[in-house]
Amino acid sequence: MVRTGPTSAARRTLLWLAAIIIACTLAVGGGVLAGAISWAPKLGLDLEGGTQMILQPKVEGSGAVTQEQLDQAVAIIRQRVDGSGVSEAQISTEGGKNVVVSMPGKPTDEERNLIKASANMNFRPVIAASQGPSGAVPEAERTPEDKLPVPTAKPVNASDPNWVDAAVMKEYEATSCIAPLTERPTTSDADKPLVSCEPDSGIKYILGPVEIPGKWIKDASYGLQQGAQGATTNQWSVNLTLEKPDGAQAFKEVTQRLNGKYLVNPNDPQARFAIVLDDSVISAPASMAVITDGQSSITGNFTEASAKALSDQLKFGSLPISFDIQSETQISATLGLQQLEMGILAGLIGLGLVVIYSLFQYRALGFVTIISLVIAGVLTYLAIVLLGWAENYRLSLAGVAGIIVAIGQTADSFIVYFERVRDELRDGRGLVAAVDNGWARAKRTILASKAVNILASVVLYFVSVGSVKGFAFTLGLTAVADLIVVFMFTHPTLMLLARTKFFGEGHHFSGLDPKQLGAVPLYRGAGRFRTPAESLEVAKGKNARAAGEAERRQTIAERRLAAKEKEMAGTGGRSNGASTSGSSDDSKENN
């Protein structure tokens with residue numbers, strides 16, 4: 001039989017929290033035993049040091065590199081480095097001629113090749129595409145070996161389905177374009193078909209060989225589309241200009257073939273061409289007209305932001321720049337372990353002050369605060385280690401600062417909760433009822449406060465760059481950990497403590513002694529209840545200084561009203577006594 005009382009519910013909640021911590025600990029322990037991670041979090045460039053590479057641009061032909069091209073190259077390299085999971089890498093230009101990449105740890109050969117490679121932008125025709133987001137086909141449902149496609153003839157163009165053989169079909173069915181994504185090579189053979197994904201939509205494609213390389217893209221821009229009469233519409237479009245004569249001629253031949261398929265069936269996937277950057281599809285528009293002059297316009301459900309993003313990608317991807325690694329050196333921590341130690345010391349001092357205040361203010365109840373802070377710290381630590389394993393997250397000094405700031409925010413939650421409970425005790429309620437009523441009032445305040453913290457952290461994370469992201473991330477992470485601890489440890493623990501003799505009877509050192517809090521019970525005994533005057537004294541006792549200041553600033557009318565209320569309260573007390581006395585006298589006379 002399942003118990004459903006508040007005590008059982010509190011115990012179940014505590015067990016769930018213990019299960020979460022044990023599961024995370026076992027996951028980290030498994031990673032340590034497998035040699036994939038260590039018990040220590042991964043550190044960022046400013047705390048651990050790393051590798052600095054100076055990249056010298058290499059331009060095809062005899063052209064010189066402009067500052068704009070370098071800035072675009074920096075944006076591309078940053079996308080690649082962030083995409084590989086390395087956090088807080090520093091990428092900048094140097095002297096208007098080189099690019100400097102500083103990243104934590106030691107890069108692998110694959111990361112080096114990814115950084116120094118030129119952007120691989122090209123156009124490929126679509127041979128087949130899924131109808132929507134597509135994951136990997138379960139192995140039991142994949143096409144049997146004897147039914148895999150076998151080309152019947154040599155392909156006559158890049159859209160020919162004869163490019164799809166057994167190997168391509170196997171790769172297509174095994175590829176997932178929704179989480180968990182299948183890892184795919186970032187450099188493919190331009191003369192062979194490609195299985196690719198469109199990350200934004202999750203659509204999976206089989207693409208033909210490259211027909212238009214990115215070097216033929218002369219320019220790309222975005223703007224509002226113009227109608228047939230020349231009037232501007234409210235639809236955004238991306239304008240593409242190809243080099244002449246090679247690019248324009250090749251685009252004419254491609255659009256002639258694809259547009260023929262579009263006129264027969266507008267929904268035919270083979271009427272589309274895919275714009276591919278680093279082997280990922282960024283857009284796959286249909287060819288709705290034959291483009292003869294190399295000037296085309298890509299339309300769709302663009303917003304201004306998405307049209308600008310596609311325009312930038314086309315321009316960035318068309319950069320004919322690759323890089324040589326001019327030098328690669330190991331750099332030490334820019335701030336060093338000394339600063340990290342100072343940050344940890346600052347955190348310990350702040351934690352110590354919080355502990356002293358909690359014990360001074362809340363006596364034994366302060367130990368609940370201390371244990372809650374320890375659990376919040378453990379959850380944050382396990383989350384950082386696991387994120388370092390799964391997402392290569394690295395803790396920087398800014399992230400340490402976010403954790404230190406969060407100590408005070410975490411203590412805020414407990415103070416709000418405990419003070420609500422103590423207010424309920426001052427109003428004359430028992431501890432069990434005070435915990436229930438206090439939690440109902442404090443919960444709304446805590447949720448509102450943490451929602452603001454998390455919202456601010458999310459906004460700061462997405463609009464900032466560099467180490468500020470680390471600060472925002474740990475600030476949001478600790479806010480989530482604080483909510484977990486308050487809901488799954490602090491409140492259930494207080495529910496259980498309220499039913500113990502030490503806290504329930506208001507021991508002097510419990511921090512919840514009604515006499516110390518100045519509480520006046522609602523029922524005073526012998527048929528007598530708390531009077532309004534006594535309630536007023538309790539209210540003053542909770543904040544005597546504020547009450548005195550408010551009384552000093554009263555207007556004449558307010559003073560007269562307050563005096564009248566006091567007089568009525570006093571009269572009420574005396575009349576009750578007279579009535580009681582009179583009743584007694586009447587009783588004597590009757591006897």
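Numbers here simply count residues along the sequence, with the first being 1.
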Listed by chain and number, what are the side-chain contact (heavy atoms from CB on, under 4.5 Å) partners of [X], not counting sequence neighbours?
| X | value |
| --- | --- |
| Asn437 | Glu424, Arg429 |
| Thr478 | Thr380, Ile403, Ala406 |
| Ile484 | Leu17, Leu379, Val480, Met488 |
| Trp389 | Ala36, Ile37, Leu386 |

note = residues 342-369 vs side chain to side chain donor-acceptor pair (under 3.5 Å), sequence neighbours excluded, gives Tyr362-Glu419
Sequence neighbours excluded - side chain to side chain donor-acceptor pair (under 3.5 Å) pairs with any residue from residues 27-43 = Lys42-Asn392
ask   = Glu198 and Ser280: side-chain donor and acceptor closer than 3.5 Å?
value = no
Distance check, rounded to the nearest 0.5 Å: [X] atom [atom1] versus [Y] atom [atom2]?
| X | Y | atom1 | atom2 | result |
| --- | --- | --- | --- | --- |
| Leu494 | Phe414 | CG | CZ | 11.5 Å |
| Met103 | Gln52 | CE | CD | 12.5 Å |
| Thr474 | Tyr461 | OG1 | OH | 11.0 Å |
| Tyr205 | Thr175 | OH | OG1 | 14.5 Å |
| Leu475 | Ile404 | CG | CD1 | 12.0 Å |
| Leu15 | Ile20 | CG | CD1 | 11.5 Å |

ask   = Can you name the closest pair of heavy atoms from Ser201 and Pro133 and give their distance?
value = O-CG, 3.3 Å
note = Tightest non-hydrogen contact, residues Val385 and Val28, listed as CG1-CG1, 3.8 Å
Just so I know, are the side chains of [X] and [Y] near enough to count as touching, which here means a heavy-atom distance under 4.5 Å?
| X | Y | result |
| --- | --- | --- |
| Thr7 | Met495 | no |
| Leu497 | Leu512 | no |
| Phe418 | Thr490 | yes |

inquiry  = For the backbone of Leu496 and the side chain of Thr500, can you confirm whether one donor and one acceptor N or O come within less than 3.5 Å of each other?
reply    = no
ask   = Distance-only, no hydrogens or angles: does the Ser449 side chain make a donor-acceptor pair with backbone N or O of Thr445 under 3.5 Å?
value = no
inquiry  = Once salt bridge (charged side-chain N to carboxylate O under 4.0 Å, His left out) is applied, what residue pairs with a partner in residues 443-460 remain, sequence neighbours excluded?
reply    = Lys450-Asp482
inquiry  = Suppose the criterion is salt bridge (charged side-chain N to carboxylate O under 4.0 Å, His left out): which pairs have a residue in residues 487-511, not counting sequence neighbours?
reply    = none
Which residues share a ring-ring contact (aromatic ring centres under 6.0 Å, His included) with Phe367, sequence neighbours left out = none
task = Using the test ring-ring contact (aromatic ring centres under 6.0 Å, His included), find all partners of Tyr381 that sit at least two apart in sequence or belong to another chain.
result = none
Intermediate values then yes/no, side chain to side chain contact (heavy atoms under 4.5 Å, CB included), Leu365 and Val421 = CA-CA 12 Å; Leu365 191 61; Val421 173; over 6 Å; no
message = For residues 431-451, which residue pairs pass the ring pair (Phe, Tyr, Trp, His ring centres under 6.0 Å) check, not counting sequence neighbours?
response = Tyr417-Trp439, Trp439-Phe487, Trp439-His491
Heavy atoms from other residues, nucleotides or ligands near CD of Gln330 exceed 12 (cutoff 6.0 Å) = yes
note = By side-chain hydrogen bond (donor to acceptor under 3.5 Å, both in side chains), Thr493 pairs with (sequence neighbours left out) none
